[in-house]
Amino acid sequence: MYTKKIYFSGGDFHELQVVFEDLPGVVKVLPGYIDAFNVKSQANPEPIEVEKIHGIEVEFNPKKMDLSMLMDILFSVMNPYAENNLGVYYNSGEDEPQIELHMNFIANRGRQPAATSALLTINDTTLNPKFSRKCFAVCGRLKNFSVAEDEHIDFLKKHPEIETEIDLIKFKASLKF
């Protein structure tokens with residue numbers, strides 16, 4: 001079976017593992033540590049390098065699960081407009097255009113078009129920096145992924161008594177595939 005891998009960071013990697021592990025087409029989810037380069041966002045367009053941030057590796061079958069669906073799920077449980085180390089990392093150059101397109105969509109979601117076909121802008125609140133929001137979610141090319149220690153793998157399954165920021169029961173109930 002042909003599979004692909006994508007890497008996500010943000011929040012608690014134990015929670016992210018649970019969010020993605022039972023999705024159709026997802027083969028395996030591992031928590032670990034991400035090193036990446038050429039990382040950028042709308043809020044910080046200058047490329048930076050990140051090292052040893054908590055994240056997950058999602059191995060998926062692209063015939064059953066689309067990369068943009070995985071990113072939609074990530075952005076439904078994590079706020080891309082808050083500073084929370086939210087990131088999408090790839091190791092395949094063929095994924096870069098789709099990821100950058102999706103990140104551009106997320107960065108500009110909810111904004112009015114800059115101008116009409118007559119070059120007339122009406123009530124454009126994005127002209128005032130006070131009212132514009134910044135997308136802090138980043139994307140970049142993966143340099144290395146190190147699988148977390150054994151005690152972190154399936155941590156929430158081993159410790160169901162731990163409270164999570166994400167309402168995982170409500171999240172799983174809301175999925176419709």
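Computation of the quantities below employed the complete heavy-atom set of this structure, encompassing side-chain atoms and omitting hydrogens, waters and symmetry-equivalent molecules.
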Only pairs under 3.5 Å count here: list side-chain donor-acceptor contacts from residues 160-168, not counting sequence neighbours, and write none if there are none.
from : atom 1 : to   : atom 2 : distance (Å)
T164 : OG1    : I166 : O      : 2.5
D167 : OD1    : I169 : N      : 3.4
D167 : OD1    : K170 : N      : 3.2

Problem set entry | E149, CD atom: more than 12 neighbouring heavy atoms under 6.0 Å | yes
Exercise. Got more than 12 heavy atoms from elsewhere within 6.0 Å of CG, D12?
Worked result: yes
Problem set entry | With sequence neighbours excluded, residues passing side chain to side chain contact (heavy atoms under 4.5 Å, CB included) with D35 | E51, K52, K143, N144
In residues 68-76, what donor-acceptor pairs under 3.5 Å come from side-chain atoms, sequence neighbours left out?
from : atom 1 : to   : atom 2 : distance (Å)
S68  : OG     : D66  : OD2    : 2.2
D72  : OD1    : H102 : NE2    : 3.0
S76  : OG     : I73  : O      : 2.7

Exercise. Tell me, do Q17 and D154 make a side-chain contact under 4.5 Å, heavy atoms counted?
Worked result: yes
For this session: Each residue besides V147 in its hydrophobic cluster should be listed here, by chain and number; the cluster joins Ile, Leu, Val, Met, Phe, Trp and Tyr at side-chain heavy-atom distances under 4.5 Å.
Result: Y7, L30, I34, V39, I48, V50, I53, Y89, V138, L142, F145, I153
Seminar exercise, completed: Output for pair (N84 CG, M78 CE), nearest 0.5 Å, gives 4.0 Å
Exercise. Which residue pairs pass the ring pair (Phe, Tyr, Trp, His ring centres under 6.0 Å) test with at least one member in residues 38-72, sequence neighbours excluded?
Worked result: F13-H54, Y33-H54
For this session: For F136 and Y81, work out which heavy atoms get closest and say how close.
Result: CD1-O, 3.6 Å
For this session: Could you check if a side-chain atom of Q98 sits within less than 4.5 angstrom of a side-chain atom of M103, using non-hydrogen atoms only?
Result: no
For this session: Apply the test salt bridge (Lys or Arg N to Asp or Glu O under 4.0 Å) to residues K4 and E94: give CA-CA distance (whole Å), side-chain angles for both, the deciding distance (0.1 Å), then the verdict.
Result: CA-CA 11 Å; K4 295 181 78 165; E94 72 180 20; 2.7 Å; yes
Seminar exercise, completed: Closest non-hydrogen atoms of S9 and L16, given as atom of the first, atom of the second and distance, are C-CD1, 4.0 Å
Exercise. Quick check: are there more than 12 heavy atoms from other residues, nucleotides or ligands sitting under 6.0 Å from NZ of K158?
Worked result: yes
Exercise. Is any side-chain heavy atom of D22 closer than 4.5 Å to a side-chain heavy atom of K172?
Worked result: yes
Exercise. Going from CD1 on I106 to CD1 on I99, what distance comes out if it is rounded to the nearest 0.5 angstrom?
Worked result: 13.0 Å
Exercise. If two hydrophobic side chains count as joined below 4.5 Å and joins carry through other members, does L86 share a cluster with F37?
Worked result: no
Exercise. Hey, what do you get for SG (C135) to CG (N79), rounding to the nearest 0.5 Å?
Worked result: 9.0 Å
Exercise. Side-chain contact, heavy-atom cut-off 4.5 Å: Y90 with R141?
Worked result: yes
For this session: Would you indicate whether the side-chain heavy atoms of N61 and Y2 approach each other to under 4.5 Å?
Result: no
Exercise. Under 4.5 Å between any side-chain heavy atoms of E21 and K157, yes or no?
Worked result: yes
For this session: Quick one: name the residues clustered hydrophobically with V27, using the 4.5 Å side-chain heavy-atom rule over I, L, V, M, F, W, Y, and just say none if it's on its own.
Result: M1
Exercise. Is it true that atom CD of E83 has more than 12 heavy atoms of other residues, nucleotides or ligands lying nearer than 6.0 Å?
Worked result: no
